[in-house]
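Below, chains carry the letters A, B, ... as their sequence lines are ordered, and counting in each starts from 1.
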Protein chains: 2
Amino acid sequence: MSQAATPLPPVDAKSSDDTRERILDAAEHLFTENGFEGTSMRMITGAAGVNLAAVNYHFGSKEQLIQEVFRRRLTWLNQERLRILDELETEAAGKPIKPSLIVDAFFGTLIRMAEHEELGGRTFLRLIGRTMTEPSGFIRAFFAEEYAAVVDRYKQALFKALPDVPKAEIVWRFHFMLGATSYAIAGTDALRIVTDWGIEPQEAEEGLDKLLPRLMTFLLGGLRAQLPQFVEPPSK
Amino acid sequence: MSQAATPLPPVDAKSSDDTRERILDAAEHLFTENGFEGTSMRMITGAAGVNLAAVNYHFGSKEQLIQEVFRRRLTWLNQERLRILDELETEAAGKPIKPSLIVDAFFGTLIRMAEHEELGGRTFLRLIGRTMTEPSGFIRAFFAEEYAAVVDRYKQALFKALPDVPKAEIVWRFHFMLGATSYAIAGTDALRIVTDWGIEPQEAEEGLDKLLPRLMTFLLGGLRAQLPQFVEPPSK
DNA sequence: ATCAAATTCAAACGAGTGTTTGAATCATAT
DNA sequence: ATATGATTCAAACACTCGTTTGAATTTGAT
């Protein structure tokens, strides 16, 4: 129980950072493949080539390990999202921002993480896609805290960008966009089984390059769609 | 090990159907709240008020129980989807069907299940939304088998309905639509935490009545969006 | 009433879980 | 070289997991 309370190594990188990183990398991969409950500490430490007790020593518990796996990526992602939105708002100088720019800043920034292996690459992208529907209470709470500020800023930007669309409608469509995106990245192989595509597999392979423009046009098409007409239920 | 091999009670309803149904209902709710690995047999049998061994006796294993939880709903759902598509194709008499009708037949039929408690209601809807991103291998395989025929028929219908859209594009957009839908139904409360809405909660409550038209316009907006222009990467 | 099958039950099984312990090893600064 | 703290390690802890067992009970047909 020596120093497990220390949140992060203070400044310089000790050799034990190795162990931490190896554990985080192994956990990221295994969580993606097997889920949180389907991944045991022994699987993680085995894949990382470290002792079983290392996780509890460095992170405290499995729960805290899960949080750290996300935090090391999400902190960067959401700061980047805020930075870009700041930039856009500065350029716009008070005027509304084009919806396509807002959507790209939020979802494009996420998708583009897949190209950078040092940011977790496709593995982390799949993991986060799956985790959005995670039932576990503490994960939902953690995500809520990690996302609250960003989502709120983007919501406000969309309200301003689409003044003719009711706010409730925008929130719902934001919700839908999140779903389409999560699914697209989580299920690159999950649903390939289901759909079997019926198109040349070569065309499915190069998916990630073309995924972003494809997703983008879909999201924007949905975001800018005509407003729904609520039909009153027949009689009642 | 008396008769555990019997797939289903032959014809008439015995009193033990009670036990089966109680288990399935309890499992459906608990899986929705806690996930598959987060729900133990003891939780299920406890909630159902039956003996611990009852699950293994009636279903063989936890894995088979999970499959049965889905099968009793999905069989109806996908038959209904096929039936409606048959109807639409008969009416169309060889001509393409309007995309909105196809989309409503597939996704609307799912959403409308929520209104019928005897079909599982909102609980099953949330469960299926979450399960689409499930990592577990046997669940993916099971879903693939259960969905293959339906998805293929609907894909063909969409190809015909949108002759100007490349097939690969349609498959992707079908994928996106699945994601938006799954998310919308799975996360009715999951993301409410994240977004906190910023709109009158009363307006969020009546969500399910208006969810379908809202989702519908979003999906159709995305499905019919302009085609993406693939920009070649800068230099390379 | 009798018999055979279906179902329920309490108890236990072996395996796997996350976590803890205390000694051994390593690194670093004096 | 020595002392101090950080880290690693093998072993064990208490617990939960899904499943199995074999006897008790219930059910339904004769």
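Between A:Thr19 and D:dT7 there is no side-chain polar atom (N or O) within less than 4.0 angstrom of OP1 or OP2. For B:His58, a side-chain nitrogen or oxygen approaches OP1 or OP2 of C:dT8 to under 4.0 Å. A close approach under 4.0 Å does occur between a side-chain nitrogen or oxygen of B:Ser40 and OP1 or OP2 of D:dC17.
Taking atom CZ of residue A:Phe31 and atom C1' of nucleotide C:dG18, one finds them 12 Å apart after rounding to whole Å. The separation between A:Ile23 atom CD1 and D:dT8 atom C1' is 11 Å, rounded to whole Å. For the pair A:Asn34 CG and C:dT17 P, the computed distance is 11 Å after rounding to whole Å. Distance, A:Met41 CE to D:dA10 P: 18 Å, rounded to whole Å. Distance, A:Met43 CE to C:dT19 C1': 18 Å, rounded to whole Å. The distance from atom CZ of B:Arg20 to atom P of C:dT8 is 11 Å, rounded to the nearest whole Å. Taking atom CD on A:Gln64 and atom P on C:dT20, their separation rounds to 10 Å, with Å as the unit. If you measure from atom CG of B:Asp18 to atom P of C:dT7, you get 12 Å, rounded to the nearest angstrom.
A:Gln156 is linked by a side-chain contact (heavy atoms from CB on, under 4.5 Å) to A:Asp152, A:Phe159, counting only residues two or more places apart in sequence or in another chain. The ring-ring contact (aromatic ring centres under 6.0 Å, His included) check on A:Phe142 picks up nothing, with sequence neighbours excluded. Shown here are the ring-ring contact (aromatic ring centres under 6.0 Å, His included) partners of A:Phe124, two or more places apart in sequence or in another chain: there are none. Every residue meeting the side-chain contact (heavy atoms from CB on, under 4.5 Å) condition with A:Thr109, not counting sequence neighbours, appears here in chain and number order: A:Leu77, A:Glu80, A:Arg81, A:Ile84, A:Arg112.
Set against D:dT8, C:dT7, C:dT20, the side chain of A:Asn56 has C:dT20 as its closest nucleotide. Nearest to the side chain of B:Ala53, among D:dG18, C:dG18, C:dA10, sits C:dA10. The side chain of A:Tyr57 has D:dT8 as its nearest neighbour among D:dT20, D:dT8, C:dT19.
No side-chain heavy atom of A:His116 sits under 4.5 Å from any side-chain heavy atom of A:Met113.
Counting distance only, with no hydrogens placed and no angle test, the side-chain atoms of A:Arg42 and the base atoms of C:dG16 include no donor-acceptor pair under 3.5 Å.
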Side-chain donor-acceptor pairs of residues 41-54 of chain A under 3.5 Å, sequence neighbours excluded:
unit_1: A:Thr45; atom_1: OG1; unit_2: A:Met41; atom_2: O; d: 2.9
unit_1: A:Thr45; atom_1: OG1; unit_2: A:Arg42; atom_2: O; d: 3.4
unit_1: A:Asn51; atom_1: OD1; unit_2: A:Ala53; atom_2: N; d: 2.9

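Ring planes of A:Phe174 and A:Phe107: tilted class, angle from 30 to 60°.
Using a 4.0 Å cutoff on non-hydrogen atoms, the parts of residues 44-52 of chain B near DNA chain C are B:Asn51, ordered by number.
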